[in-house]
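In the text below, chain A, chain B and the rest are named by the order of the sequence lines, each starting its count at 1.
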Protein chains: 2
Amino acid sequence: MAGRAAVPEVIWARPERTGRGPKPAFTRADIAAAAVRIADAEGLDAVSMRHVAAELGCGTMSLYNYVPRKEDLYELMIDAIGAEHEMFEPTGDWRADMLRNAEETRAIMRRHTWVPRLMPGVFAFGPNSLRYLEHCLACLEPLDVPAGTKTELIALLNGVVTTYTANDIATVERTRSMPWTVEEENAVRMAYLGSQVATGAYPRLAAAFMEQSGPVDLESVFRRALERVLDAYDPDLR
Amino acid sequence: MAGRAAVPEVIWARPERTGRGPKPAFTRADIAAAAVRIADAEGLDAVSMRHVAAELGCGTMSLYNYVPRKEDLYELMIDAIGAEHEMFEPTGDWRADMLRNAEETRAIMRRHTWVPRLMPGVFAFGPNSLRYLEHCLACLEPLDVPAGTKTELIALLNGVVTTYTANDIATVERTRSMPWTVEEENAVRMAYLGSQVATGAYPRLAAAFMEQSGPVDLESVFRRALERVLDAYDPDLR
DNA sequence: CCTAGTTACGTACAGCGTACGTAGTGCGCT
DNA sequence: AGCGCACTACGTACGCTGTACGTAACTAGG
């Protein structure tokens, strides 16, 4: 009988298998992949212990041999998508490399729209996350600042990517399992915003609305924000 | 019979009351306040329709007259804490004003540790959020850049605040309703991280670990990040 | 070989969001 | 004045959730 711990525990510190008894039928990677598959196809709310167990072809409670709490399943999921990062050879141009990393993170989030909702809750230091962190530090080798500043830059970039991308894809995740489309929902929300701005209660916001002509190009807004952050850490610009 | 809509809907576009029938017993603010009280005291997971209704002293299903879906309750909560922002008179120093806004946002999140977990899911444009946005634009009046750039700066700052603060308070929210303390959980996680770094698999990460002496001052890390972002938008520095 | 530790998993329980139906209330219209 | 309807109120019920607990099968170490 495994039992849940009465003391804090990091799932990554648990050995994947322990000699005695029947061989486990699945690896952590199998389980994470199944959960990710479900979340991608049916949304994060469809990721239940029962559903994941069924996807794996085992009983619900068998899953608890591998994943003590549901929260740990979330950690497996976040770490699993960390493996999708291409850990390329650093080019020596830290700005270009970090831009590439950020663009890749954004692409991963677009593939897995449930990531932003999960991020704030998990302790994202599984093996793949650590590998990615190490990769970023390798890219930042040419940048001549203290290591602490480098990790701050990495955190800041990740934050910017998460924030900007979360806004884009929130509606996608929300309208899943709703009887209407992303476009319909966005139209209703925009109409509401327009009506509020039209009341005259927010003059500066109204001016900002008027100023923009045509739809905003989210991609270039995103890239501009990244450049700004990189500028802020570039010794050549100060 | 009210019924849930089969078409997208913004709760803020719904009128709070409509002439006919008995007078509603609560306002949206009452409901939001009750939900916030529960989330603050018992954590976000304790915010159930039943629980909030009980806090208000009404039947569970009566709540659905005011809040068509639980997701809308979340929107009410996020907007309610927007009212905690002090909308001070802009001083003319946009950097100082925006720093103050950011510090206040951080303080609000520290008071309501469930905010980061909720943020990515909600459409945060209720009346208080709009008022805050307008306030930020007022603070940025002296900054001579296009309105689009200003809203980008606001979004970026909010993102940085959310990311940095979410990391600080994630454990607080996680250990709620767990039989151990924040300190115990952090100790276990740090021990795990130390063991991973000690394997030698992450040399650059190990070096970064070695470099830091003593505990990190999260507050100054946060403030440094803000300054960097502001630098990136300051025309006087380019 | 035995036994202790493990895997496997069925059952059960408390709690969730919410669909639906019914009863009561009071504004607006005729 | 009074009818009718829109609205509030809320009890019941359904299908779902995470997971505690108990039992049976299996296998490596002593």
Side-chain angles (χ1 to χ4, degrees), chain A residues 1-6 9 11 14-28 30-31 35 38-39 42-77 121 174 176-179, chain B residues 1-6 9 11 14-28 30-31 35 38-39 42-77 121 174 176-179:
Chain A
M1 156 84 195
R4 249 62 73 246
E9 198 183 6
I11 187 160
R14 269 195 170 204
E16 272 228 53
R17 51 157 292 141
T18 53
R20 207 80 74 93
K23 301 207 189 310
F26 319 105
T27 65
R28 263 176 210 159
D30 292 336
I31 295 168
I38 292 170
E42 303 170 59
L44 185 58
D45 294 337
V47 177
S48 69
M49 296 302 271
R50 275 171 243 261
H51 205 139
V52 172
E55 174 86 12
L56 287 167
C58 72
T60 306
M61 292 315 289
S62 307
L63 206 50
Y64 281 89
N65 283 319
Y66 304 86
V67 178
R69 301 184 317 273
K70 186 170 186 197
E71 188 196 293
D72 293 311
L73 182 61
Y74 289 149
E75 297 221 11
L76 292 188
M77 293 172 72
R174 188 172 27 231
R176 221 189 263 281
S177 85
M178 290 288 181
Chain B
M1 153 93 194
R4 249 61 73 247
E9 198 184 5
I11 187 162
R14 270 195 170 205
E16 271 230 52
R17 50 157 294 143
T18 54
R20 207 79 74 92
K23 301 206 190 309
F26 319 105
T27 65
R28 263 176 210 158
D30 293 335
I31 295 168
I38 292 171
E42 302 170 59
L44 185 58
D45 294 337
V47 177
S48 70
M49 296 301 273
R50 276 171 241 261
H51 206 138
V52 172
E55 174 86 13
L56 287 167
C58 73
T60 305
M61 293 315 288
S62 307
L63 205 50
Y64 281 89
N65 284 319
Y66 304 86
V67 177
R69 301 183 317 272
K70 186 170 186 196
E71 187 196 293
D72 293 312
L73 182 61
Y74 289 149
E75 297 220 11
L76 257 48
M77 292 172 72
R174 189 172 25 230
R176 221 189 263 281
S177 84
M178 291 288 182

In this structure, how many angstroms lie between the [atom2] atom of [N] and the [atom1] atom of [X], rounded?
X: B:M61; N: C:dT18; atom1: CE; atom2: P; value: 9 Å
X: B:M49; N: C:dA19; atom1: CE; atom2: P; value: 10 Å
X: A:E71; N: D:dT17; atom1: CD; atom2: P; value: 19 Å
X: B:D72; N: C:dT18; atom1: CG; atom2: C1'; value: 13 Å
X: A:L56; N: C:dT7; atom1: CG; atom2: C1'; value: 15 Å
X: B:D45; N: C:dC16; atom1: CG; atom2: C1'; value: 11 Å
X: A:K70; N: C:dC16; atom1: NZ; atom2: P; value: 16 Å
X: A:N65; N: C:dG5; atom1: CG; atom2: C1'; value: 12 Å

Hey, does the side chain of [X] come within less than 4.0 Å of [N]'s phosphate (OP1/OP2), counting only N and O?
X: A:Y66; N: C:dT7; value: no
X: A:S62; N: C:dA8; value: no
X: B:K23; N: C:dC27; value: yes
X: A:S48; N: D:dT17; value: yes

Pair A:D30, A:T27: side-chain N/O donor-acceptor within cut-off below 3.5 Å: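 Side-chain D/A pair, A:D30 to A:T27: present.
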Out of [options], which has the shortest distance to the side chain of [X]?
X: A:Y64; options: C:dT18, D:dA28, D:dT19; value: D:dT19
X: A:P22; options: D:dC26, D:dA9, D:dG18; value: D:dC26
X: A:R20; options: C:dA4, D:dC21, D:dA9; value: C:dA4

Rounded to the nearest 0.5 Å, what's the gap from OH on B:Y66 to CG on B:D72? Could you check?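 Going from OH on B:Y66 over to CG on B:D72, the span is 15.5 Å.
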How many angstroms lie between CD in B:E9 and CD1 in B:I11, if you round to the nearest 0.5 Å?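 It comes to 7.5 Å.
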Please walk me through it: do B:N65 and B:F26 pass side chain to side chain contact (heavy atoms under 4.5 Å, CB included)? CA-CA 10 Å; B:N65 284 319; B:F26 319 105; over 6 Å; no
Could you check whether the side chain of B:R50 and the base of C:dG17 have a donor-acceptor pair of N or O atoms closer than 3.5 Å, going by distance alone?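 In this structure, the two groups form a donor-acceptor pair.
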For residues 48-58 of chain A, please give each side-chain donor-acceptor pair under 3.5 Å, one per line with the distance, not counting sequence neighbours.
unit_1 : atom_1 : unit_2 : atom_2 : d
A:S48  : OG     : A:H51  : N      : 3.1
A:H51  : ND1    : A:A46  : O      : 3.1
A:H51  : NE2    : A:E42  : OE2    : 3.4
A:E55  : OE2    : A:R37  : NH1    : 2.3

Regarding B:A25, tell me which of base, sugar-phosphate or nothing describes its non-hydrogen contacts under 4.0 Å with the strands shown.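 Touches sugar-phosphate only.
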